[in-house]
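Heads up, the thing below is written out as structure tokens.
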Amino acid sequence: MPLRPSRFLPWLTAVLAVLAIGGVPTISHAAMPPAIDGQPMPSLAPMLQRVTPAVVNISSKKHVQVQNPYFSDPVVRQLLGPGGSRERVEQSLGSGVIVDAAKGYVLTNNHVVGGADDISVTLQDGRTFKGKRIGTDPDTDVAVVQIPADHLQALPLADSNQLRVGDYVVAVGNPFGLGQTVTSGIVSALGRSGLGSATSGSTGFQNFIQTDASINPGNSGGALVNLRGELVGINTMIFSPSGGNVGIGFAVPTAITSEVMEQLLAHGKVERGNLGLQTQAITPRIAKLLALNDTNGVVVTGVSAGSAAEQAGLQPGDVLTTLNGKPLHSVEDLRNTEGLLPLGSNVQLGVVRDGKSSIVNVTLSAEKLSSVDGGKLDARLAGVIFSDLSDDQRGQGMFGAVVSSVKPNSRAALAGLTTDDIVVGIGNQRIPSVSVLRGLANVHLRQLVLIVAHADGNNRYVVIN
């Protein structure tokens, strides 16, 4: 690695200055002066003394069943029967932030503790506690864990909506498992979206703070604070061709984490509102067909029956140009805003229909999804609840039946089926929705092989005995 003279210039200058007056520098006595010209040296140390006790290290373990690839071949299964699965332990290291000292609530990332069988939380003072997962939200990558500890110190939450590009911020976490580490930088950008998840490849609902404060693997779930020592975000992911920090890190702002945490504490999950719209970007061809002057906004391609959008009178062919007074530039803008607003929120949409503009008020309502108890389809699926995909998921070209819940120690759980898995096939039968899944109720399959979609495009097989 080539040396950079700029890194050593201040040190070299100091050494030469000492030598010029005949002194001999000694490293053991080197220290920053407390003041220069009578003015105290600026330091983050007093603020960090209050912040760092509230940042914890998190270690989690997850036991998963891995199918032997040879048993993915139906010929092998026919000859040898079901089997070939083995258990693998997946470990994850990350960070967390104490936000309620009295109740022991810790904010972290879903990808740090989601699906974990064992969670250990270590405080700055060395104490370690078994963590209880209160709830997780994969769509925003936020999770809440509780620890049975006293004498905790929590971080106050700031309003991340008041952040400006250029504001100084400090990241605290546990990078590479080295132990608590502090880095500083500025807010590089606000409202970042359209970024693939570090773990799933899914974009989720995003409105990230971007910072050049060094964030590395293990910082996930740690604190991003302002110079007053208030929490402004939860460090979540990095953009890096090499896997290390390149000065582009992202944090979920407290404006989102606060809302998500409130719902997780109240319901154990996030209840999101839904417009009931399917939309697509406006291409030059669509703009010409609809006699539009430009390609700004999105066009409505479908309206779900009984949805909030239908009740508000929206129709296919409508062009949505603004949302709550802000220009709509893409389908992603609409999806993010819709997904990050709480249930019951009122949304003002700027609509163009037949060349005329209007404002339509829509109240976000709960999306009604069909579901089915797996035990009613096949005894081997007892303890599993399947649901239809959301409008948002279908809008991304996904199909199948999502696993809403899996009872621990059920046959399906022991075989490796987990919550949020998307089943796209059973045996040779393609499963586009729950309605097709219901049709298997009277079909008695000798071998139950579920085909589960994976974010990387490679499906996996779950054989349930």
Side-chain angles (χ1 to χ4, degrees), residues 139-140 161 165 189-196 202-208 210 253 255-256 259 270-370 388-399 432-433 435:
D139 286 328
T140 55
N161 291 323
V165 173
L190 294 167
R192 289 297 197 208
S193 61
L195 308 169
S202 171
T203 58
F205 299 116
Q206 301 180 347
N207 185 16
F208 288 127
Q210 181 182 326
I256 294 174
E259 174 64 32
V270 176
E271 297 180 344
R272 288 191 168 86
N274 181 264
L275 291 172
L277 288 173
Q278 293 86 52
T279 59
Q280 74 174 67
I282 300 175
T283 63
R285 185 179 179 184
I286 292 176
K288 185 177 180 180
L289 289 172
L290 297 177
L292 301 174
N293 296 325
D294 52 48
T295 58
N296 291 326
V298 297
V299 62
V300 177
T301 58
V303 180
S304 299
S307 66
E310 184 186 57
Q311 294 174 16
L314 291 174
Q315 303 173 6
D318 286 345
V319 176
L320 310 181
T321 57
T322 62
L323 193 154
N324 290 340
K326 297 180 179 179
L328 261 180
H329 298 294
S330 65
V331 173
E332 196 171 73
D333 283 350
L334 176 64
R335 178 176 175 273
N336 270 328
T337 305
E338 178 185 17
L340 295 174
L341 287 174
L343 191 68
S345 297
N346 184 63
V347 175
Q348 289 187 329
L349 294 172
V351 181
V352 175
R353 180 185 297 172
D354 299 326
K356 298 179 180 179
S357 299
S358 63
I359 299 294
V360 175
N361 292 303
V362 186
T363 301
L364 293 179
S365 59
E367 186 175 10
K368 298 177 182 178
L369 300 175
S370 297
D388 269 329
L389 299 180
S390 66
D391 283 341
D392 177 68
Q393 289 172 312
R394 291 195 299 271
Q396 297 179 64
M398 300 169 68
F399 70 92
S433 64
S435 61

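The minimum heavy-atom distance between Pro316 and Gly302, with the atom names listed, is CG-CA, 4.4 Å. A pairwise comparison of heavy atoms in Phe208 and Pro253 identifies CA-CD, 4.3 Å as the closest pair. Closest of all the heavy-atom pairs between Ser365 and Ala308 is OG-CB, 3.6 Å.
By the 4.5 Å heavy-atom criterion applied to side chains, Asp318 and Val303 are not counted as neighbours.
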* Asked: How far apart are the C-alpha atoms of Ile282 and Leu292, what are their side-chain angles, what is the distance that settles it, and do they pass the side-chain contact (heavy atoms from CB on, under 4.5 Å) test?
  -> CA-CA 9 Å; Ile282 300 175; Leu292 301 174; 3.9 Å; yes
* Apply the test side-chain contact (heavy atoms from CB on, under 4.5 Å) to residues Asn296 and Thr321: give CA-CA distance (whole Å), side-chain angles for both, the deciding distance (0.1 Å), then the verdict. => CA-CA 7 Å; Asn296 291 326; Thr321 57; over 6 Å; no
* side-chain contact (heavy atoms from CB on, under 4.5 Å) between Asn361 and Val347, intermediate numbers included -> CA-CA 6 Å; Asn361 292 303; Val347 175; over 6 Å; no
* Between Ser304 and Gln278, is a side-chain contact (heavy atoms from CB on, under 4.5 Å) present by the stated rule, with each step listed? -> CA-CA 8 Å; Ser304 299; Gln278 293 86 52; 3.2 Å; yes
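A donor-acceptor contact closer than 3.5 angstrom is absent between the side chains of Gln348 and Thr322.
None of Thr363, Asn324, Val362 except one satisfies the side chain to side chain contact (heavy atoms under 4.5 Å, CB included) rule with Asn346; the exception is Thr363.
Taking CG of Leu290 as the start and OG1 of Thr295 as the end, the distance is 12.0 Å to the nearest 0.5 Å. Between atom CG of residue Leu277 and atom CD of residue Gln315 there is a gap of 12.0 Å, rounded to the nearest 0.5 Å. A distance of 11.5 Å separates CG in Asp139 from CD1 in Ile256, rounded to the nearest 0.5 Å. One distance of note links CG of Leu349 with CG of Leu323; it measures 5.0 Å at 0.5 Å rounding. In this structure, CZ in Arg353 is found 10.5 Å from CG in Leu320, a value given to the nearest 0.5 Å.
Judged by distance alone, the side chain of Thr279 and the main-chain N or O of Val331 form no donor-acceptor pair under 3.5 Å. With Gln280 contributing its side chain and Thr301 its backbone, the two residues share no donor-acceptor pair below 3.5 Å.
The neighbour count for Asn293 CG, taken as heavy atoms of other residues, nucleotides or ligands under 6.0 Å away, does not exceed 12.
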